[in-house]
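Report on one structure; see the data block that follows.
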Amino acid sequence: MTLALRIPRVLYDQLRQHGEATYPHECCGVLVGEFDEAGGKAIKAVVLCGNTRTDSPQNRYHISPSELVRIQREALLAGHDIVGFYHSHPDHPAHWSATDLDEAHWTGCSYVITSVEKGRAVLTNSFMLLEQEEAKHFEDEGLDVVEQ
Amino acid sequence: MPKVLIPTPLRPYAGKQSVIEVIAKTVGEALNDLVTQHPDLRKHLFAEDGKLRSFVNVYLNDEDIRYLNKDATPVKETDTVTIVPSVAGGQ
(Lines give C-alpha, C1' and ligand atoms only; values in the text may rest on other atoms or scores of the structure.)
Protein backbone atom coordinates (compact mmCIF):
# COMPACT_ATOMS: atom_id res chain seq x y z
CA MET A 1 0.00 0.00 0.00
CA THR A 2 1.28 3.47 -0.86
CA LEU A 3 1.68 5.78 2.10
CA ALA A 4 -0.43 8.65 0.87
CA LEU A 5 -1.59 10.67 3.88
CA ARG A 6 1.10 12.11 6.12
CA ILE A 7 0.19 13.48 9.54
CA PRO A 8 2.47 14.76 12.31
CA ARG A 9 2.20 12.72 15.53
CA VAL A 10 0.85 15.68 17.52
CA LEU A 11 -2.06 16.15 15.10
CA TYR A 12 -2.72 12.42 14.94
CA ASP A 13 -2.96 12.35 18.73
CA GLN A 14 -5.20 15.42 18.65
CA LEU A 15 -7.85 13.89 16.40
CA ARG A 16 -7.83 10.61 18.36
CA GLN A 17 -8.19 12.49 21.65
CA HIS A 18 -11.15 14.38 20.16
CA GLY A 19 -12.91 11.03 19.71
CA GLU A 20 -12.20 10.12 23.32
CA ALA A 21 -13.44 13.50 24.57
CA THR A 22 -16.79 13.26 22.78
CA TYR A 23 -17.36 9.54 23.54
CA PRO A 24 -19.99 8.02 23.42
CA HIS A 25 -20.79 10.53 20.68
CA GLU A 26 -19.08 10.81 17.32
CA CYS A 27 -16.53 13.58 16.92
CA CYS A 28 -15.72 15.26 13.62
CA GLY A 29 -13.34 17.74 12.11
CA VAL A 30 -11.45 18.95 9.08
CA LEU A 31 -7.93 18.10 7.87
CA VAL A 32 -6.13 21.07 6.37
CA GLY A 33 -2.93 20.67 4.40
CA GLU A 34 -1.40 20.26 0.99
CA PHE A 35 -1.77 17.93 -1.96
CA ASP A 36 1.53 16.89 -3.48
CA GLU A 37 2.14 16.24 -7.15
CA ALA A 38 2.27 12.49 -6.65
CA GLY A 39 -1.31 12.53 -5.33
CA GLY A 40 -0.37 12.28 -1.67
CA LYS A 41 -1.39 14.69 1.07
CA ALA A 42 0.38 16.29 4.01
CA ILE A 43 -1.74 17.46 6.94
CA LYS A 44 -0.70 20.80 8.43
CA ALA A 45 -3.60 21.41 10.80
CA VAL A 46 -6.54 19.59 12.35
CA VAL A 47 -9.64 21.72 12.90
CA LEU A 48 -12.00 20.36 15.54
CA CYS A 49 -15.67 20.87 14.67
CA GLY A 50 -18.91 20.42 16.52
CA ASN A 51 -21.24 17.54 15.59
CA THR A 52 -24.54 19.12 14.60
CA ARG A 53 -26.37 15.74 14.61
CA THR A 54 -27.69 16.25 18.11
CA ASP A 55 -30.62 13.96 17.26
CA SER A 56 -28.31 10.92 16.95
CA PRO A 57 -24.75 11.90 17.90
CA GLN A 58 -23.79 8.37 18.98
CA ASN A 59 -23.87 7.11 15.37
CA ARG A 60 -24.11 10.13 13.07
CA TYR A 61 -22.06 13.24 12.42
CA HIS A 62 -22.50 16.37 10.38
CA ILE A 63 -20.28 19.44 10.13
CA SER A 64 -22.02 22.77 9.76
CA PRO A 65 -21.46 24.16 6.25
CA SER A 66 -20.81 27.56 7.78
CA GLU A 67 -17.82 26.04 9.62
CA LEU A 68 -16.62 24.53 6.33
CA VAL A 69 -16.92 27.90 4.59
CA ARG A 70 -14.79 29.56 7.27
CA ILE A 71 -12.21 26.75 7.35
CA GLN A 72 -11.94 26.64 3.55
CA ARG A 73 -11.46 30.41 3.37
CA GLU A 74 -8.78 30.44 6.09
CA ALA A 75 -7.01 27.45 4.54
CA LEU A 76 -6.83 29.16 1.13
CA LEU A 77 -5.53 32.37 2.72
CA ALA A 78 -2.76 30.33 4.36
CA GLY A 79 -1.90 28.70 1.04
CA HIS A 80 -3.42 25.38 2.12
CA ASP A 81 -6.48 23.35 1.23
CA ILE A 82 -9.07 21.12 2.81
CA VAL A 83 -7.55 17.69 2.16
CA GLY A 84 -9.88 15.57 4.25
CA PHE A 85 -12.09 15.03 7.27
CA TYR A 86 -12.11 12.83 10.34
CA HIS A 87 -14.72 11.36 12.60
CA SER A 88 -15.01 8.66 15.24
CA HIS A 89 -16.98 5.43 15.49
CA PRO A 90 -17.85 4.88 19.17
CA ASP A 91 -17.74 1.14 19.96
CA HIS A 92 -17.69 0.35 16.25
CA PRO A 93 -14.89 -0.61 13.80
CA ALA A 94 -12.62 1.98 12.18
CA HIS A 95 -14.04 1.30 8.75
CA TRP A 96 -16.36 3.33 6.57
CA SER A 97 -20.08 2.53 6.70
CA ALA A 98 -22.77 2.70 4.03
CA THR A 99 -23.85 6.01 5.57
CA ASP A 100 -20.29 7.31 5.39
CA LEU A 101 -20.18 6.56 1.67
CA ASP A 102 -23.68 7.91 0.95
CA GLU A 103 -22.83 11.20 2.63
CA ALA A 104 -19.30 11.60 1.25
CA HIS A 105 -18.98 14.18 -1.52
CA TRP A 106 -15.38 15.43 -1.39
CA THR A 107 -13.80 13.33 -4.12
CA GLY A 108 -10.03 13.06 -3.80
CA CYS A 109 -10.14 13.87 -0.11
CA SER A 110 -9.33 11.58 2.81
CA TYR A 111 -11.86 10.36 5.33
CA VAL A 112 -10.11 9.33 8.54
CA ILE A 113 -12.03 7.16 11.00
CA THR A 114 -11.06 6.28 14.57
CA SER A 115 -12.71 3.49 16.52
CA VAL A 116 -13.25 4.47 20.14
CA GLU A 117 -13.92 1.52 22.43
CA LYS A 118 -15.23 2.22 25.92
CA GLY A 119 -13.89 5.74 25.70
CA ARG A 120 -10.43 4.85 24.42
CA ALA A 121 -9.22 5.47 20.87
CA VAL A 122 -8.09 2.18 19.33
CA LEU A 123 -7.62 2.05 15.56
CA THR A 124 -7.38 4.95 13.12
CA ASN A 125 -7.70 4.29 9.40
CA SER A 126 -7.85 6.49 6.34
CA PHE A 127 -9.92 6.06 3.19
CA MET A 128 -9.78 8.16 0.05
CA LEU A 129 -12.99 8.99 -1.80
CA LEU A 130 -12.60 8.28 -5.52
CA GLU A 131 -14.77 9.04 -8.55
CA GLN A 132 -17.85 11.25 -8.66
CA GLU A 133 -21.29 10.62 -7.22
CA GLU A 134 -22.66 7.77 -9.34
CA ALA A 135 -19.41 5.78 -9.25
CA LYS A 136 -17.97 7.00 -5.97
CA HIS A 137 -16.22 4.59 -3.65
CA PHE A 138 -13.69 4.51 -0.85
CA GLU A 139 -10.23 3.04 -1.22
CA ASP A 140 -7.91 2.15 1.66
CA GLU A 141 -5.27 4.81 2.11
CA GLY A 142 -2.07 4.51 4.08
CA LEU A 143 -1.72 6.77 7.10
CA ASP A 144 1.87 7.79 7.69
CA VAL A 145 2.28 9.21 11.20
CA VAL A 146 5.34 11.42 11.14
CA GLU A 147 7.37 11.60 14.37
CA GLN A 148 8.82 15.04 15.04
CA MET B 1 -15.66 41.36 -9.68
CA PRO B 2 -17.39 38.87 -7.38
CA LYS B 3 -15.39 35.73 -6.68
CA VAL B 4 -16.45 32.12 -6.42
CA LEU B 5 -14.41 29.80 -4.18
CA ILE B 6 -14.17 26.29 -5.61
CA PRO B 7 -13.81 23.34 -3.20
CA THR B 8 -11.06 20.79 -3.85
CA PRO B 9 -13.30 18.05 -5.36
CA LEU B 10 -14.60 20.39 -8.06
CA ARG B 11 -11.31 21.94 -9.12
CA PRO B 12 -10.57 19.31 -11.79
CA TYR B 13 -13.66 20.68 -13.58
CA ALA B 14 -12.69 24.31 -13.06
CA GLY B 15 -9.26 24.45 -14.65
CA LYS B 16 -7.69 23.47 -11.30
CA GLN B 17 -8.49 26.94 -9.98
CA SER B 18 -9.55 27.60 -6.38
CA VAL B 19 -10.92 31.11 -7.05
CA ILE B 20 -12.81 32.22 -10.16
CA GLU B 21 -14.03 35.73 -10.89
CA VAL B 22 -17.50 36.06 -12.37
CA ILE B 23 -19.70 38.74 -13.89
CA ALA B 24 -22.91 38.75 -11.88
CA LYS B 25 -25.48 40.81 -10.03
CA THR B 26 -27.06 37.86 -8.23
CA VAL B 27 -25.93 34.51 -6.84
CA GLY B 28 -27.81 32.75 -9.65
CA GLU B 29 -25.96 34.80 -12.25
CA ALA B 30 -22.66 34.06 -10.51
CA LEU B 31 -23.27 30.31 -10.71
CA ASN B 32 -24.45 30.60 -14.31
CA ASP B 33 -21.36 32.53 -15.31
CA LEU B 34 -19.23 29.96 -13.50
CA VAL B 35 -20.69 27.01 -15.45
CA THR B 36 -20.52 29.02 -18.68
CA GLN B 37 -16.78 29.48 -18.09
CA HIS B 38 -16.39 25.87 -17.00
CA PRO B 39 -19.18 23.73 -18.52
CA ASP B 40 -17.87 20.51 -16.94
CA LEU B 41 -18.89 21.90 -13.55
CA ARG B 42 -22.58 21.98 -14.41
CA LYS B 43 -23.50 18.38 -13.69
CA HIS B 44 -21.55 18.47 -10.43
CA LEU B 45 -23.48 21.48 -9.17
CA PHE B 46 -26.94 21.07 -10.64
CA ALA B 47 -29.41 18.19 -10.86
CA GLU B 48 -31.23 17.44 -14.12
CA ASP B 49 -34.10 19.70 -13.03
CA GLY B 50 -31.67 22.62 -12.89
CA LYS B 51 -31.74 22.92 -9.10
CA LEU B 52 -28.62 22.75 -6.98
CA ARG B 53 -27.79 19.18 -6.04
CA SER B 54 -29.01 18.40 -2.54
CA PHE B 55 -25.54 18.11 -1.01
CA VAL B 56 -24.19 21.34 -2.51
CA ASN B 57 -24.23 24.33 -0.18
CA VAL B 58 -23.78 27.84 -1.53
CA TYR B 59 -22.82 30.71 0.72
CA LEU B 60 -22.65 34.43 0.04
CA ASN B 61 -19.80 35.52 2.28
CA ASP B 62 -20.85 33.90 5.60
CA GLU B 63 -24.55 33.41 4.84
CA ASP B 64 -26.31 30.35 3.41
CA ILE B 65 -28.24 31.57 0.35
CA ARG B 66 -31.18 29.33 1.38
CA TYR B 67 -31.73 31.77 4.24
CA LEU B 68 -31.27 34.81 2.04
CA ASN B 69 -33.07 35.19 -1.28
CA LYS B 70 -31.63 32.00 -2.83
CA ASP B 71 -30.59 32.49 -6.48
CA ALA B 72 -31.98 36.02 -6.51
CA THR B 73 -29.71 37.16 -3.67
CA PRO B 74 -27.84 40.27 -4.89
CA VAL B 75 -24.03 40.15 -5.03
CA LYS B 76 -21.65 43.08 -4.86
CA GLU B 77 -18.32 43.41 -6.65
CA THR B 78 -16.48 42.65 -3.40
CA ASP B 79 -18.58 39.62 -2.43
CA THR B 80 -17.42 36.01 -2.30
CA VAL B 81 -19.65 33.10 -3.21
CA THR B 82 -18.45 29.85 -1.67
CA ILE B 83 -19.42 26.36 -2.78
CA VAL B 84 -19.12 23.65 -0.12
CA PRO B 85 -20.35 20.08 -0.51
CA SER B 86 -21.79 18.72 2.74
CA VAL B 87 -19.75 16.64 5.18
CA ALA B 88 -21.62 13.99 7.14
CA GLY B 89 -21.81 10.28 7.86
CA GLY B 90 -21.72 7.89 10.75
CA GLN B 91 -21.38 4.25 11.66
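Every value quoted in this text rests on a predicted model; they were computed, and no experiment measured them. Each chain gets a letter, A, B and so on, in the order the sequences are listed, and its residues count up from 1. Both backbone and side-chain heavy atoms feed into the values below; hydrogens, waters and symmetry mates do not.
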Tell me, for [X] versus chain B, whether the close heavy atoms (under 4.5 Å) come from the side chain, the backbone, both or neither.
X	answer
Ile63(A)	both
Pro57(A)	neither
His87(A)	side chain
Glu134(A)	side chain
Glu133(A)	side chain
Tyr61(A)	both

(message) Does Arg73(A) form a side-chain contact (heavy atoms from CB on, under 4.5 Å) with Asp62(B)? I'd like the steps, not just the answer.
(response) CA-CA 10 Å; Arg73(A) 181 172 59 221; Asp62(B) 289 310; 3.0 Å; yes
(message) Please classify the contact of Ser86(B) with chain A as side chain, backbone, both or neither, using a heavy-atom distance under 4.5 Å.
(response)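 Contact with chain A involves both backbone and side-chain atoms of Ser86(B).
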(request) Give, as side chain, backbone, both or neither, the part of Asn57(B) having an atom under 4.5 angstrom from any heavy atom of chain A. (result)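 For Asn57(B), the contact with chain A is made by the side chain alone.
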Same cluster (ILVMFWY, side-chain, under 4.5 Å), [X] and [Y]:
X	Y	value
Tyr13(B)	Val56(B)	yes
Val22(B)	Val69(A)	no
Val122(A)	Phe127(A)	no
Val83(A)	Val112(A)	yes
Ile65(B)	Phe46(B)	yes

(request) Considering only heavy atoms and a distance below 4.5 Å, find which of Ser97(A), Gly108(A), Ala98(A) pairs most often with chain B. (result)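 With the most close heavy-atom pairs to chain B, the winner is Ser97(A).
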(request) Pick whichever of Arg53(A), His92(A), Arg70(A), His62(A) has the most heavy-atom pairs under 4.5 Å with chain B. (result)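 When all of Arg53(A), His92(A), Arg70(A), His62(A) are compared, His92(A) has the most.
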(request) Determine yes or no for a side-chain-to-main-chain donor-acceptor pair under 3.5 angstrom, with Asp100(A) supplying the side chain and Gly90(B) the backbone. (result)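 Side chain of Asp100(A) to backbone of Gly90(B): a pair is present.
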(request) Starting from Met128(A), walk the hydrophobic network (Ile, Leu, Val, Met, Phe, Trp, Tyr; side-chain heavy atoms closer than 4.5 Å) and list everyone else you reach, by chain and number. (result)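 For the cluster that includes Met128(A), the remaining residues are Leu130(A).
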(request) Drop me the distance from Asp102(A)'s CG to Phe55(B)'s CZ, to the nearest 0.5 angstrom. (result)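 It is 11.5 Å, given to the nearest 0.5 Å.
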(request) Quick one: pull up CZ in Arg11(B) and CG in Asp81(A) and give me the separation to the nearest 0.5 Å. (result)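 Answer for the CZ-CG pair, Arg11(B) versus Asp81(A), is 4.0 Å.
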(message) So which residue, Ser18(B), Pro7(B), Pro12(B), ends up with the most heavy-atom pairs under 4.5 Å with chain A?
(response)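 The candidate making the most pairs under 4.5 Å is Pro7(B).
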(request) List the steps, then state whether side-chain contact (heavy atoms from CB on, under 4.5 Å) holds for Val87(B) with Leu68(A). (result) CA-CA 9 Å; Val87(B) 177; Leu68(A) 295 173; 3.6 Å; yes
(request) Run the numbers on Gln91(B) and Trp96(A) for side-chain contact (heavy atoms from CB on, under 4.5 Å), then give the verdict. (result) CA-CA 7 Å; Gln91(B) 65 191 40; Trp96(A) 57 271; over 6 Å; no
Look at atom [atom1] of [X] and say whether more than 12 heavy atoms of other residues, nucleotides or ligands are closer to it than 6.0 Å.
X	atom1	answer
Lys70(B)	NZ	no
Glu77(B)	CD	yes
Glu147(A)	CD	yes

(request) Can you check whether anything in residues 8-28 of chain A gets within less than 4.5 Å of chain B, heavy-atom wise, and list it by number? (result)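 The list, in residue order, reads Glu26(A).
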(message) Can you confirm whether the side chains of Gln72(A) and Tyr59(B) place a donor and an acceptor under 3.5 Å from each other?
(response)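 No, no side-chain donor-acceptor pair sits under 3.5 Å.
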(request) Quick one: do Thr8(B) and Cys109(A) satisfy side-chain contact (heavy atoms from CB on, under 4.5 Å)? Show the steps, please. (result) CA-CA 8 Å; Thr8(B) 44; Cys109(A) 285; 3.5 Å; yes
